[in-house]
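Values reported hereafter were calculated over all heavy atoms of this structure, with side chains retained and with hydrogens, waters and symmetry mates removed.
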Amino acid sequence: MAGPGPPPSRYRSRAILVYAALGRADALQRVQVIMPEFSARPTVDNEDYLAILRFLYAEAALLDRRAFQHWFALLTEDIRYQVTTVVARPAQDETSRIAIVDEDNHSLKMRVDQISDPGLTHAENPPSLTQRIVSNVEAYYGEQNGIFETTSNILLYANRTGSSETGLYAGQRQDVLIRDHTGFKIAERTVNLAQTVLHDSTLSVLL
Amino acid sequence: MKSDATGWVDKERGLVSREAFVSEEVYQLEIERIFNRSWIYLGHETEIPAVGDYVVRNLGNAPVIVVRDTPDSVKVLLNSCRHRGAKLCRADAGNTKNFVCPFHGWAYEIDGALRTTGFDHHFRDDTDFSAMGLIPAPNVESFHGLVFACWDKDAVPLRDYLGDIGWYLETFFKRTPGGMEVLAPPHRWRTKANWKIGSLNFIGDSQHSPTTHIGPSTLDAARTIRDGFRKHGQDSFHVVTDEGHGCTLTYLAPGMPEKNYLTHPEALKPLYEESLNTDQVSMLHHLRVCVGTIFPNMSFIESQAGAGEKALIIRLWHPVSGTEMEVLSWVFAEKEADQGYKDRVLRNGFHNFGAAGVFE
Ligand code: FES
């Protein structure tokens, strides 16, 4: 099924990590999050809101049920998927974030293929039991018809079966969704975790 | 020591008791006898390029501030106020003109000297304020940008401590006139494992690769990893130095001259030849992967995995307790490289070996 094609580049620059120029003085602040001005955008009507909510819940359920390939089919071909953590800096300094996951379609496919087959993953064999809660969903119309910007909170509990370890991840997701006649697709996802140090051997699940 | 550790290490037969990898008493002894006496890697100079830039790290089990106090020097200061011991600096990184204690406001210069208590006139007349600065690590040295410190004031110079492994570190970290730079702040994660597991894994456990990393090698369409295990594996060398450091070098199989230097950019190759001696150039030329450990807890790897760029990575295995460590991981590229290359190295390096790396 032919998709709607990649969104115009001006959308891609929103709500994603922006790489600051790597000057001498700001090597540590190189990756910073530019928060989009969501409040300036019109919120979606109730019908669209409900449709987006249903999509996000269904998408979350696919991940918890380990239907990773089905989930992957919900991404656009030019998906940018990122997970970031924080470098704690003094209040007067600019907050800086580090991308701990920064994938395009190709590298994300590799990750999805890996966790789909327990024989190919040390970290996810046996597979983690995950239970995620997606809430506080806000949705806005993008600058073009059929494009939506959403923010949602995620709390993910990941139980590494076969060990006593559990991962707990809390963050805000900023998504760009595209709607065509087949439904919604995710064009961008940035998960900004409220963490500086991960308390998990490795982040091996999808958020 | 409460437990009887006699017989935990059998040098003759090459056996070590698993107790050594969980015991809290062993951990305490390691802090005292290894981490408080050895040169410990703290970070890279390019993380703190400007005067006043600092990062907070650990020297043994002591939190320290690593700060650039002048354009040409780095100080390592115990992150604890000389008044009542409050934690002075609670951020991970920043830039400052001075350190002010959040408890009662004692202020210190960035070189650690006490500037004022705020109540200096209330102190006895014979108070020596100059002796009330932050406690500095007595030894701080940098080797091609790699900053090490040591609590032991009688420590041998860093270059002597590194010994022959310096030759290899030089090949990786000083192969262009500008040297290497850190591409982003380190990934950090906690894992319930003894720090020695990480150090040992990088110094002499190439055998785990085909099994533990079966995912990336199976899914890698470019087959570089499988070829690495099968073909190039025949040209591997294990290096151990007298000082307890070591590395494994895996060369490209003979007959693959077209792959020499792998993904290193053309523009950098003349710079390698300018900065390194012929033996070092020859090593880099034929190298597929090098993985090693500087005793006790700094590891490094430069490898190509999949179709992406070769990435140079440092791993630090910070011992939190006998059964837990915090891992820090940095990605490096040559200062002279173009930004596009650096971005690809960063993405590829962390995709494979970061906090969410597919090799984990
Ligand atoms: S403890 Fe720092 S000023 Fe009192």
The interface call for Asp200(A) against chain B, heavy-atom contacts under 4.5 Å, is backbone
Taking every heavy atom of Ala184(B) against every heavy atom of Ile98(A), the minimum-distance pair comes out as CB-CG2, 4.3 Å
Counting heavy-atom pairs under 4.5 Å with chain B, the top scorer among Glu124(A), Lys109(A), His122(A), Glu165(A) is His122(A)
d(Lys192(B) NZ, His199(A) NE2) to nearest 0.5 Å is 8.5 Å
Looking at His70(A), I'd like to know if its NE2 atom is crowded, meaning that more than 12 non-hydrogen atoms belonging to other residues, nucleotides or ligands lie closer than 6.0 Å. no
Closest non-hydrogen atoms of Ala88(A) and Ala91(B), given as atom of the first, atom of the second and distance, are O-CB, 3.4 Å
Does Glu24(B) CD have over 12 foreign heavy atoms under 6.0 Å away? yes
With Pro185(B) as partner, the option from Val87(A), Thr196(A), Val86(A) fulfilling side chain to side chain contact (heavy atoms under 4.5 Å, CB included) is Val87(A)
Here the gap from Arg188(B) atom CZ to Ile100(A) atom CD1, rounded to the nearest 0.5 Å, amounts to 12.5 Å
| Counting distance only, does the side-chain N/O of His351(B) pair as donor-acceptor with the main-chain N or O of Leu108(A) below 3.5 Å? | no
When rounded to the nearest 0.5 Å, the distance separating CD of Gln82(A) from CZ of Arg347(B) is 8.5 Å
Applying a strict 4.5 Å limit to non-hydrogen atoms, the region of Ser107(A) in contact with chain B is both
Honestly, the part of Gln195(A) sitting under 4.5 Å from a heavy atom of chain B is neither
If one checks every heavy atom of Asp104(A) against chain B at 4.5 Å, the contacting part turns out to be both
OG1 (Thr191(B)) and CG (Leu198(A)) are apart, to the nearest 0.5 Å, by 11.0 Å
For Gln114(A) and Val358(B), indicate whether the former's side chain and the latter's backbone hold a donor-acceptor pair under 3.5 Å. yes
